[in-house]
Amino acid sequence: MADVRPFHAVRPRAGLESRIAALPYDVYNRKEAREETEKNPLSFLRIDRAETQFPEGTDLYDDCVYTKARELLYEMLEKGQFIREDVPCYYIYELTMDGRVQTGIAACASVDDYENRVIKKHENTRAEKEEDRIRHVDRCSAQTGPIFLAYRSTEEINRQVEAVKQESALYDFVSDDGIRHRIWRIAEADRIAVIRENFKRTEAIYIADGHHRCASAVKVGTMRRQSHPGYTGEEAFNYFLSVLFPDDQLMIMDYNRVVKDLNGYDTAAFLEKVSERFRVEKLGGEAVYPTEKGQITMYLDDVWYRLTVLVNDKNTDPVGQLDVSVLQRELLTPILGIGDPRTDERIDFVGGIRGLQELERRVHTDCRVAFAMYPTSISELFAVSDAGLLMPPKSTWFEPKLRSGLLIHQIEE
C-alpha cells in the first residue's frame, strides 16, 4: 500500500515558469552550470548549483554554497517570484518530446514506503554523492528536484488524469531543448481522494531516475525525525517530492559504453577474442543500432560490428539476463579487464540521447572502442527491483528529464 500525498507546493509565479525551470543539477558539469546561470539569471540552477554564484575555484562543497542556495530560494519567495499554495494539491505534469507524450502525477511519496521497500530501487547509491544533496535539502529545508517514480498503470488514475488535462493548464511552455512542459493543479477534494485511494491499492512503486536524490531526501527525513522525537508522521519531512508515471508511457533509452584501450590487444587479436564469445558480423562504416534484445553493436577502427552472444545461459536471474550484464560478463571483464565499471577509469558511459555519433566522436578522440546497447525495458527494471536485486551502473537512461524549480516541497512549516 503506497502513501502518495498532495502537498503545499512552492512554484513559480505565472509567467516566470519557463525562465526558472532547469534541468536536474547533475546534468551539467561545472563549466556548463556557470554558463547557464550567466545566460539566465532566474534559472533554478542558481539554487541547485549555488557554487555558480561564487568565483571560479570555490569548493563545490564549501558550507557557504549551501547557505547561498537557501538565501536565493527564500529571496525569490520574498520577491514573489515563487508562490506557495494555500492548500495541498496534486499536480499533473505532462512532457512531450518528439511527439511522444508522458504524463505523471506530482505528489509526495513516503519515507516509510522507501524504507519498507514499497518504493523499490534498482541501483546502489554512493555516499559522497548523497552527502551533497543531503546538505542541500537540509540547509534549504526544501526538496527542489523531484524523484522520477514509476508504477503499473491503472485505469482509474489514468481516467482522472485525462479528465484534468481537458482543463486549462497552470503552465504551458517549450524549453530550449524542444520539450513541451504542461502542468495542471488538482485542488478538488473529491479528485484528490480518488487518486490517493487508488495509490493506496498500489503494491509497489519503482524509482526510475533519481536514486541519489531519493536516498538523500529520505536521510534528511530521518535526521529530522531524530531531532523531533515526538514526530507524528504527518510532518512534511516524512515525505519527498516525486513525479509518478504509469509504466506504459515511459521510454528508456540506451546507455552506451566507451573504453579507452583494448587491454593490450591489437585489433585482430581483440576481434578474435570477441569471436570466442559472440557471433561477430562486420557491418561497415555506417552507424547501426542494435535491433533487439541480445544484440550489441560495436565501433572499432571506423567500422561497426554486430555482436550476438553465443551462449547466454550462465545467469537466469533478472540482472544476469540484462544486455548490460552480458556485455560486462562476456567481454568487458574477461577480455578488456574491466572488473568494476563503477571505479575503473578506462570505461565511460554515454547516454542514448547523444546518439551513435557521440560514440564515434569518442572513439576518434579519447577512446578505442564503443558499444551501443539495446535499451533496458521497464519490465526488466521492475523484475530486478521486485527481486530485490541491483542493476549494473548506467543501465537506464530516461528521457525527457523532469525540470527542477517548477514544483518545490518545503519540509519545514
Novice: Between Ser110 and Asp112, is there a donor-acceptor pair closer than 3.5 Å when you use the side chain of the first and the backbone of the second?
Specialist: yes

Novice: Should the pair Glu94-Lys165 be classified as a salt bridge under the 4.0 Å nitrogen-to-oxygen rule?
Specialist: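 So Glu94 pairs with Lys165 through a salt bridge.
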
Novice: Applying salt bridge (charged side-chain N to carboxylate O under 4.0 Å, His left out) between Arg191 and each of Glu197, Glu156, Glu167, report the one that passes.
Specialist: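 Between Arg191 and the candidates, salt bridge (charged side-chain N to carboxylate O under 4.0 Å, His left out) is satisfied uniquely by Glu167.
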
Novice: Is there side-chain contact between Lys394 and Arg257, with heavy atoms separated by less than 4.5 Å?
Specialist: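 Sidechains of Arg257 and Lys394: in contact.
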
Novice: Look at the side chain of Thr96 and the backbone N and O of Val101, then say whether any donor-acceptor pair between them is shorter than 3.5 Å.
Specialist: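 Such a contact is absent between Thr96 side chain and Val101 backbone.
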
Novice: Heavy atoms only: give me the nearest His409-Phe240 pair and the separation to one decimal.
Specialist: ND1-CA, 4.4 Å

Novice: Please examine the side chains of Ile157 and Tyr151, heavy atoms only from C-beta on, and report whether any two atoms are closer than 4.5 Å.
Specialist: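 A side-chain contact exists here, since the closest heavy-atom pair is under 4.5 Å.
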
Novice: Can the ring centroids of His212 and Tyr25 be said to lie less than 6.0 angstrom from one another?
Specialist: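 Ring centres of Tyr25 and His212 not closer than 6.0 Å.
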
Novice: Which atom pairs, donor and acceptor, lie under 3.5 Å between side-chain atoms of residues 39-46 and protein residues at least two apart or in another chain?
Specialist:
residue, atom, partner, partner atom, Å
Lys39, NZ, Glu36, OE1, 3.4
Asn40, OD1, Leu42, N, 3.2
Asn40, ND2, Arg19, O, 2.6
Ser43, OG, Leu45, N, 3.1
Arg46, NE, Pro41, O, 2.7

Novice: Relative to the ring of Trp397, is the ring of Tyr255 parallel (under 30°), tilted (30 to 60°) or perpendicular (over 60°)?
Specialist: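 Rings of Tyr255 and Trp397: perpendicular, as their planes differ by over 60°.
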
Novice: Please verify the inter-ring angle class for Phe173 with His181; under 30° counts as parallel, over 60° as perpendicular, anything in between as tilted.
Specialist: parallel

Novice: Determine whether more than 12 heavy atoms belonging to other residues, nucleotides or ligands lie under 6.0 Å from atom CG of Asp98.
Specialist: no

Novice: What are the two closest non-hydrogen atoms of Arg196 and Val4, and how far apart are they?
Specialist: CG-O, 3.6 Å

Novice: Can a donor-acceptor pair be found, under 3.5 Å and without considering hydrogens, that links the side chain of Thr58 to the backbone of Pro55?
Specialist: yes

Novice: Can you see which heavy atom on Arg49 is nearest to which on Arg30, and at what distance?
Specialist: NH2-CA, 3.5 Å

Novice: For the residue pair Phe278 and Tyr305, establish whether any side-chain heavy-atom pair is separated by less than 4.5 Å.
Specialist: no

Novice: Quick one: do Glu412 and Arg70 make a salt bridge, cutoff under 4.0 Å?
Specialist: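 Result for this pair is yes, salt bridge flagged.
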
Novice: How far apart are the closest heavy atoms of Pro88 and Ile192, and which atoms are they?
Specialist: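 Where Pro88 meets Ile192 most closely, the heavy atoms are O-CD1, 3.7 Å.
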
Novice: Near Asn124 CG, under 6.0 Å, is it more than 12 heavy atoms from other residues, nucleotides or ligands?
Specialist: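 Buried by this count: over 12 neighbours within 6.0 Å.
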
Novice: Answer yes or no: does atom OH of Tyr61 have more than 12 heavy-atom neighbours from other residues, nucleotides or ligands under 6.0 Å?
Specialist: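 12 or below, so no.
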
Novice: Examine Phe7 together with Tyr239 and report whether their ring centres are nearer than 6.0 Å.
Specialist: no

Novice: Quick one: ring pair (Phe, Tyr, Trp, His ring centres under 6.0 Å) partners of His211, sequence neighbours excluded?
Specialist: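 His211 satisfies ring pair (Phe, Tyr, Trp, His ring centres under 6.0 Å) with His122 once adjacent residues are dropped.
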
Novice: Tell me whether the count of non-hydrogen atoms from other residues, nucleotides or ligands lying under 6.0 Å of CD in Glu281 goes above 12.
Specialist: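 Atom CD in Glu281 is crowded, with more than 12 foreign heavy atoms closer than 6.0 Å.
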
Novice: Taking Ser377's backbone N and O only, do any of them form a donor-acceptor pair with Glu380's side chain (distance below 3.5 Å, no angle check)?
Specialist: yes

Novice: Determine yes or no for a side-chain-to-main-chain donor-acceptor pair under 3.5 angstrom, with Asn256 supplying the side chain and Met373 the backbone.
Specialist: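 Judged by distance alone, yes, a pair lies under 3.5 Å.
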
Novice: Mind telling me whether Tyr299 and Trp304 have parallel, tilted or perpendicular rings, with 30° and 60° as the class edges?
Specialist: tilted

Novice: List the atom of Ala150, the atom of Leu250, and the distance in Å for their closest heavy-atom pair.
Specialist: CB-CD1, 3.6 Å

Novice: Can you tell if the side chain of Ile186 reaches within under 4.5 Å of the side chain of Cys89, non-hydrogen atoms only?
Specialist: no

Novice: Any sub-3.5 Å donor-acceptor pair from Asn263's side-chain atoms to Ile335's backbone N or O?
Specialist: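 Yes, the answer is positive, given that a donor and an acceptor are paired below the 3.5 Å cut-off.
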
Novice: Does the distance from a Lys or Arg side-chain N to an Asp or Glu carboxylate O, for Asp348 and Arg354, drop under 4.0 Å?
Specialist: no

Novice: Do Asp138 and Lys219 sit within salt-bridge range, that is, some charged N less than 4.0 Å from a carboxylate O?
Specialist: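 No, Asp138 and Lys219 are not salt-bridged.
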
Novice: Should the pair Asp48-Arg133 be classified as a salt bridge under the 4.0 Å nitrogen-to-oxygen rule?
Specialist: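 Salt bridge: yes.
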
Novice: With sequence neighbours excluded, tell me which residues meet side-chain contact (heavy atoms from CB on, under 4.5 Å) with Pro393.
Specialist: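 For Pro393 the side-chain contact (heavy atoms from CB on, under 4.5 Å) partners, ignoring immediate neighbours, are Pro341, Arg342.
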
Novice: With a 4.5 Å limit on heavy-atom distance, are the side chains of Val280 and Leu307 in contact?
Specialist: yes

Novice: Would you indicate whether Lys273, at its atom NZ, is surrounded by more than 12 heavy atoms from other residues, nucleotides or ligands within a distance under 6.0 Å?
Specialist: no

Novice: Spell out, as yes or no, whether a donor-acceptor pair under 3.5 Å connects the side chain of Glu235 to the backbone of Thr232.
Specialist: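 Side chain of Glu235 to backbone of Thr232: a pair is present.
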
Novice: Are any of the side-chain heavy atoms of Asn238 and Arg225 separated by less than 4.5 Å?
Specialist: yes

Novice: Would a 4.5 Å heavy-atom cut-off, applied to side chains only, mark Lys401 and Ile353 as touching?
Specialist: no

Novice: Heavy-atom count check: over 12 atoms from other residues, nucleotides or ligands less than 6.0 Å from Glu56 CD?
Specialist: no

Novice: Step through the shown structure and confirm whether more than 12 heavy atoms of other residues, nucleotides or ligands are within 6.0 Å of CD on Glu128.
Specialist: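 Enclosed.
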
Novice: Hey, is the main chain of Ile411 close enough, under 3.5 Å, to the side chain of Ser141 for a donor-acceptor pair?
Specialist: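 Not a single qualifying donor-acceptor pair exists.
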
Novice: Would the distance check show the side chain of Arg368 and the main-chain N or O of Leu262 forming a donor-acceptor pair, the cut-off being under 3.5 Å?
Specialist: no

Novice: Run the numbers on Arg5 and Glu234 for salt bridge (charged side-chain N to carboxylate O under 4.0 Å, His left out), then give the verdict.
Specialist: CA-CA 10 Å; Arg5 297 191 171 198; Glu234 295 298 311; 2.7 Å; yes

Novice: Is any side-chain heavy atom of Phe371 closer than 4.5 Å to a side-chain heavy atom of Asp254?
Specialist: no

Novice: So which heavy atom on Ala236 is nearest to which on Gln410, and how close?
Specialist: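 What the structure gives for the nearest pair is CB-O, 3.5 Å.
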
Novice: What do the steps show when you test Thr154 against Asn198 for side-chain hydrogen bond (donor to acceptor under 3.5 Å, both in side chains), and what is the final call?
Specialist: CA-CA 8 Å; Thr154 67; Asn198 274 272; 4.8 Å; no

Novice: Would a distance-only check, ignoring hydrogens and angles, find a side-chain to backbone donor-acceptor pair under 3.5 Å from Arg346 to Leu336?
Specialist: yes

